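Worksheet: the structure to be examined is printed underneath.
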Amino acid sequence: MAVRGQFSNRLGFIMAAAGSAVGLGNIWKFPFEVGQGGGAVFVVMYLIFCFLLCLPVMVTEIAIGRKTQRNPVGAFNALGYKKWNFVGKLGIISGILILSFYNVVAAWAFGYVFEMVMGNFDIGNHFTAYTSDIFKISIYAVVFMVATAYIVSQGVSKGIERATKIMMPTLIVIILFLVIYSLTKEGSLEGLKFYFQPDFSEINGKVIYGALGQAFFSLSLGMGALITYGSYFSKKDNITTSASIITLMDVGIALIAGLMMFPFVSFMVHNNPQLISSLIESKADVAAIVAANPGMSNLEIFLLPEAGNSGAGLIFATLPTAFESMGAFGNVLGAIFFLLLSFAALTSTVSLLEVPVAYVVDEKGYKRSRAVWLMAGIIFLIGIPSMLSGGYSAFFSDFITYYHAEKSTGFLSFISDTASDTFLPLGGFLITVFAAYVWKKENLQAELAIGAPGFEGSLVSKYISFAVTVLCPLILGLIFVLTVLGKFFGVEVFG
Ligand code: PHE
């Protein structure tokens with residue numbers, strides 16, 4: 001068997017895993033989920049899920065990987081439970097599907113760097129025309145996939161670790177700069193208020209499973225990405241503290257991304273009051289809500305789900321106008337922002353590609369470079385319908401209408417609903433059930449104690465045991481069922 005790579009030290013592992021976690025999920029998806037989930041309530045739910053539910057799952061994945069030094073399928077075999085390797089297979093399929101559409105969104109973001117440089121701010125109003133321009137988008141998508149494949153082909157320490165060690169700190173500097181800048185803008189305080197004041201009356205089933213799905217996706221859990229990265233992690237190091245640092249970094253960057261987005265948006269709303277009046281005029285349901293709630297701020301009106309500005313388009317459709325209002329340096333700022341987004345996406349696509357690559361290398365004996373280019377090619381092809389669903393092909397753009405849904409769902413969103421919102425919580429459920437009841441929690445604890453003096457018998461160790469045996473299987477199982485019912489069948493169990 002080919003020699004397996006290893007991260008050169010703990011920092012390398014943490015940077016790579018945090019690079020996997022921090023991505024479009026934090027900067028693109030998190031703010032719009034917050035916008036749709038009613039602001040701060042969503043944020044509170046998200047934080048609870050990340051630390052109480054997801055962190056134990058993360059620890060379990062890393063432990064399984066490090067114990068077996070195998071890819072997600074090989075890991076179950078190596079532990080002696082071949083029957084359970086379907087969990088690993090589900091993970092690999094999820095990873096392939098997620099990368100297939102993720103690369104398309106990353107390509108949009110990457111293309112925006114050039115649009116901003118050229119000062120083409122109007123693009124926000126023609127977003128569908130942009131995503132339908134299949135010639136341009138496919139070039140960006142090829143470039144992005146090739147960059148991903150190149151990094152992965154260089155191996156674990158020379159490729160993945162080295163690239164993330166450069167990109168992650170750069171990303172943190174850029175995002176902090178943008179936050180400070182956005183906070184100096186007029187009207188930004190209102191954005192902070194929306195972001196930080198929870199209104200608990202807004203909690204409902206959708207907010208809850210939306211927050212959990214987001215936490216899973218954002219932490220790269222439930223598909224074996226961390227089993228794979230864990231398999232390159234040294235036995236000398238502490239799994240629990242490393243996982244805590246990774247979670248803190250991921251949550252921190254998502255929170256900071258909100259800190260940048262909402263002030264930007266509120267600045268823009270502040271500067272274009274006519275935006276709100278034309279919104280109210282053009283949309284009857286918005287007008288009705290405004291009439292019923294006289295105290296609403298312009299920002300709240302703008303971000304109402306009914307107004308259509310808080311969705312997936314928040315970054316692509318809304319931000320260019322915000323950059324335009326920033327005057328002379330608007331195009332530089334815009335370009336920097338989308339470069340940040342592209343970097344964040346690249347460290348995640350790398351981890352998504354590494355999962356199937358590790359599988360083919362470990363189990364089928366392929367050479368790394370051959371495995372990488374083969375997988376990247378296949379995944380690119382699988383992503384073509386997602387690319388076409390941005391408006392170019394009517395068939396893929398209106399691919400499916402879920403039971404009881406008013407509107408159709410495009411192919412890209414359909415794959416995201418299936419692979420990320422549904423398969424990941426299911427994968428998390430199966431992984432914790434396996435670790436607690438098949439592999440047994442004592443074995444999990446024993447692996448966690450390696451490289452972790454003082455872990456045995458500690459409060460943290462007791463909490464992890466409780467979470468993995470009771471809390472995670474229960475809640476993840478429940479949320480999986482609720483997500484399937486709610487998303488695909490329009491059945492909302494909780495109002
Ligand atoms: N966590 C990444 C993000 O937030 C997405 C991802 C999911 C990466 C699953 C790897 C595995 O963008």
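Quick caveat, the model's predicted, so the values are computed rather than measured. Whatever order the structure lists them in is the order used to number ligands and atoms, beginning at 1. Sequence positions, counted from 1, serve as the residue numbers for this chain.
- Not one N or O of Ser351 is nearer than 3.5 Å to an N or O of ligand 1, by distance alone.
- Shortest non-hydrogen contact noted between Ser132 and Tyr392 is O-CD1, 3.3 Å.
- Shown are Thr349, Ile382, Val104; of these, the side-chain contact (heavy atoms from CB on, under 4.5 Å) with Leu99 is made only by Thr349.
- Of all protein heavy atoms, the one closest to atom 8 (C) of ligand 1 is Ser220 OG, 3.4 Å.
- The N/O atoms of Ala21, backbone and side chain alike, include one that comes under 3.5 Å of an N/O atom in ligand 1.
- Atoms of ligand 1 lying under 4.0 Å from any heavy atom of Ser218, numbered from 1 in the order shown and given with element: 1 (N), 4 (O).
- At a heavy-atom distance under 4.0 Å, atoms from both the backbone and the side chain of Phe217 approach ligand 1.
- Residues Asp362 and Arg4 are paired through a salt bridge, judged by an N-O separation under 4.0 Å between the basic side chain and the carboxylate.
- Note on ligand 1: Trp28 sits outside its first shell, no heavy atom being nearer than 4.0 Å.
- Looking at Val22 next to ligand 1, no N or O pair under 3.5 Å apart turns up.
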Review item, side-chain donor-acceptor pairs of residues 420-437, under 3.5 Å, at least two apart:
{"from": "Ser420", "atom 1": "OG", "to": "Ser416", "atom 2": "O", "distance (Å)": "2.8"}
{"from": "Asp421", "atom 1": "OD2", "to": "Lys487", "atom 2": "NZ", "distance (Å)": "3.3"}
{"from": "Thr422", "atom 1": "OG1", "to": "Asp417", "atom 2": "O", "distance (Å)": "2.7"}
{"from": "Thr432", "atom 1": "OG1", "to": "Gly428", "atom 2": "O", "distance (Å)": "3.0"}
{"from": "Thr432", "atom 1": "OG1", "to": "Phe429", "atom 2": "O", "distance (Å)": "3.0"}
{"from": "Tyr437", "atom 1": "OH", "to": "Thr469", "atom 2": "O", "distance (Å)": "2.4"}

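- In terms of protein heavy-atom proximity, atom 12 (O) of ligand 1 is nearest to Tyr102 OH, 2.4 Å.
- For ligand 1, the polar-atom distance check against Ile98 finds no nitrogen or oxygen pair separated by under 3.5 Å.
- A side-chain contact (heavy atoms from CB on, under 4.5 Å) with Leu353 holds for exactly one of Ile151, Val372, Asn103, Ile160; it is Val372.
- Not less than 6.0 angstrom separates the ring centroid of Tyr81 from the ring centroid of Phe76.
- Relative ring orientation between Tyr112 and Tyr130 is described as perpendicular, the plane-to-plane angle rising above 60° on a 0-90° scale split at 30° and 60°.
- Near Met223, meaning under 4.0 Å from one of its heavy atoms, ligand 1 places the atoms 9 (C), 11 (C).
- Checked against the 6.0 Å centroid threshold, Phe264 and Phe323 count as a close aromatic pair.
- Near Leu24, the atoms of ligand 1 lying under 4.0 angstrom from a non-hydrogen atom of the residue are 12 (O).
- Aromatic ring pairs are classed by plane angle as parallel below 30°, tilted from 30° to 60° and perpendicular above 60°; the pair Phe396 and Phe399 is parallel.
- Shown in contact with Gly23 at under 4.0 Å from a heavy atom are these atoms of ligand 1, numbered in order with element: 3 (C), 4 (O), 12 (O).
- Short contacts between ligand 1 and Ser20, defined as distances under 4.0 Å to a heavy atom of the residue, involve ligand atoms 1 (N), 2 (C), 8 (C), 10 (C).
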